[in-house]
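Encoded as structure tokens, the structure appears first; notes follow it.
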Amino acid sequence: MDYIKEFSYHISWRSRSRRPGRHKSNQRGMGMEFRGHTTLLAYPDPRRIDIRQTIRDPMEQVYVRIFNQKSATPVFVMCDLSGSMQYGVPHTKLTTAAEITRSVAQSATRNGDPAAFVGFDDELRDEWLSTLSARPHSMLELADRLENHLPNEVGAGALLDSARVLPRERSLIFLVSDFHMPLGQLEEALLLMLRHHIVPIVLWNSTEYKDLPEFGVTSINDPETGERRTLFLRASYRQRILDTFAARRQAIEDMFMKFDMQPFFVEDQFDADMLTDYFHQYVTV
């Protein structure tokens, strides 16, 4: 396995986890973010006694400073395993998804965050689920399997069921797919995941629609159904395909922006540095 390149990410909310990590939280602890004062009886930590606040109190109570610790936050990769994800030259979208999964697992581990993987096609399959763990081994093993997975010609109908297995605790979700699925189905799933922060990672391959001959027989993936189709191309038909994919890209972007989720498009190759830039640009701390 090649070197796994990490990316830098952050969250825009306060974690509720009691597990120490690197994100702002609302949990009292040994952090550096000043939260206020309370009495020594309420928070019995004599190391935090504030002499000035204590001598100001006419009731002569002893006061301590309290701080918020930095905490962990759950990180998930939700990955589409449908038939259209098998497409790609020189490597498939699933190969790219495996690379992203490794990068997420490694980056979450470096950040002290537990990570998990949920794979789905028309069913939610136990063999493509890993539970939250602070160690990346299970996700890396799934990434290896993902790289060699040969899906049947099935859809992504279990996206809704996948959303239901997410925890109640607010999590960072990397939703990885080519999104060649009915947008109504996608919208229904997004409504179930509104409590979480979703990073939609849209995997497309330029050979699907850009590198087509102006005349001749070729095969393409239908952007609506994900089905493989053999076509006889002419210049006008080729332009119609380009226009269809451009409209589909805009429709996907509009769907996510409806929920204030900026999509991250990956065409052909995943660049971890660009995902770092995405968080700097679109995720406010």
Side-chain angles (χ1 to χ4, degrees), residues 77-101 104 117-125 127-129 142-163 173-190 193 198-213 217-233 237-238 240-256 261 263-270:
V77 172
M78 291 180 63
C79 186
D80 178 1
L81 305 176
S82 63
S84 63
M85 292 287 285
Q86 188 179 359
Y87 181 78
V89 177
H91 53 262
T92 69
K93 298 173 194 174
L94 285 177
T95 303
T96 304
E99 186 180 355
I100 292 169
T101 299
V104 170
F117 182 92
V118 179
F120 62 92
D121 46 36
D122 274 338
E123 295 181 30
L124 187 59
R125 304 178 189 277
E127 65 268 27
W128 289 106
L129 298 178
L142 280 174
D144 291 342
R145 286 176 48 205
L146 189 64
E147 196 166 33
N148 300 300
H149 181 53
L150 297 176
N152 297 319
E153 290 298 323
V154 292
L159 173 60
L160 204 60
D161 294 329
S162 300
I173 313 292
F174 293 91
L175 181 56
V176 182
S177 174
D178 56 11
F179 296 100
H180 290 338
M181 62 184 70
L183 292 183
Q185 180 188 89
L186 175 60
E187 182 175 17
E188 192 176 357
L190 293 178
M193 296 190 285
I198 309 297
V199 178
I201 300 184
V202 186
L203 303 186
W204 279 12
N205 193 283
S206 60
T207 57
E208 285 185 282
Y209 63 105
K210 286 184 179 178
D211 302 335
L212 299 176
V217 176
T218 190
S219 296
I220 67 166
N221 275 34
D222 189 305
E224 290 290 341
T225 65
E227 294 179 358
R228 196 87 173 127
R229 299 173 60 188
T230 300
L231 302 173
F232 181 78
L233 288 183
Y237 200 175
R238 179 179 182 273
R240 280 172 55 192
I241 292 172
L242 291 173
D243 292 344
T244 298
F245 271 85
R248 179 66 178 186
R249 178 180 176 124
Q250 188 62 56
I252 290 171
E253 189 163 1
D254 290 345
M255 172 60 69
F256 284 116
M261 301 171 185
F264 178 73
F265 284 87
V266 177
E267 188 163 292
D268 299 331
Q269 290 190 337
F270 169 66

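Since the model is a prediction, treat every value here as computed from it, not as a measurement.
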Does CD belonging to Gln185 count more than 12 external heavy atoms closer than 6.0 Å?
-> yes

Measure the CG-CD distance between Asp161 and Glu123 for me, rounded to the nearest 0.5 Å.
-> 9.5 Å

Please report the C-alpha distance between Trp128 and Leu146 in whole Å, then the side-chain angles of each, then the deciding distance to 0.1 Å, and finally whether the side-chain contact (heavy atoms from CB on, under 4.5 Å) criterion is met.
-> CA-CA 9 Å; Trp128 289 106; Leu146 189 64; 4.1 Å; yes

For the pair Arg249 (side chain) and Phe265 (backbone), establish whether a donor and an acceptor sit closer than 3.5 Å, ignoring hydrogens and angles.
-> no

side-chain contact (heavy atoms from CB on, under 4.5 Å) between Val176 and Val104: does it pass, once the steps are laid out?
-> CA-CA 11 Å; Val176 182; Val104 170; over 6 Å; no

Straight-line distance of Ile198 CD1 to Met78 CE, nearest 0.5 Å | 7.0 Å

Check Asp122 against Gly157 and note the closest heavy-atom contact, atom names and distance.
-> OD1-N, 3.0 Å

Residue set satisfying salt bridge (Lys or Arg N to Asp or Glu O under 4.0 Å) with Asp268, at least two apart, ordered chain then number -> none

If you round to the nearest 0.5 Å, how far is CG of Asp121 from NE2 of His149?
-> 6.5 Å

Which pair of heavy atoms, one from Phe179 and one from Ile201, lies closest together, and at what distance?
-> CE1-O, 3.6 Å

Before giving the answer on side-chain contact (heavy atoms from CB on, under 4.5 Å), spell out for Leu129 and Glu127 the whole-Å C-alpha distance, their side-chain angles and the decisive distance to 0.1 Å.
-> CA-CA 6 Å; Leu129 298 178; Glu127 65 268 27; over 6 Å; no

In chain order, what residues pass the side-chain hydrogen bond (donor to acceptor under 3.5 Å, both in side chains) check against Thr101, with sequence neighbours excluded?
-> none

So, do Phe264 and Phe256 sit near enough that their side-chain heavy atoms are less than 4.5 Å apart?
-> no

Please report the C-alpha distance between Met193 and Leu175 in whole Å, then the side-chain angles of each, then the deciding distance to 0.1 Å, and finally whether the side-chain contact (heavy atoms from CB on, under 4.5 Å) criterion is met.
-> CA-CA 11 Å; Met193 296 190 285; Leu175 181 56; 4.3 Å; yes

Heavy-atom check, side chain of Leu203 versus side chain of Asp80, under 4.5 Å = no

Do the non-hydrogen side-chain atoms of Leu124 and Val118 ever get within less than 4.5 Å of each other?
-> yes

Can you label the angle between the Trp204 ring and the His180 ring as parallel, tilted or perpendicular, going by 30° and 60°?
-> tilted

Find the distance between CD (Glu147) and CG (Leu94) and round it off to the nearest 0.5 Å.
-> 10.0 Å

dist Asn205:CG -> Thr96:OG1 (nearest 0.5 Å) comes out at 7.5 Å

Looking only at heavy atoms, what is the nearest atom pair of Val202 and Pro263, with distance?
-> CG2-CB, 4.1 Å

Minimum-distance pair of heavy atoms, taken over all atoms of Thr92 and Gln86 = CG2-O, 2.9 Å

Do the non-hydrogen side-chain atoms of Arg248 and Leu183 ever get within less than 4.5 Å of each other?
-> yes

Flag if over 12 foreign heavy atoms under 6.0 Å of CD, Gln269 = no

With rounding to the nearest 0.5 Å, note down the distance linking SG in Cys79 to CZ in Phe174.
-> 13.0 Å

Looking at Asp178 and Lys93, what are the two nearest heavy atoms and their distance?
-> OD2-NZ, 2.9 Å

Any side-chain heavy-atom pair from Arg125 and Leu81 closer than 4.5 angstrom?
-> no

Looking only at heavy atoms, what is the nearest atom pair of Ala189 and Leu159, with distance?
-> CB-CG, 3.6 Å

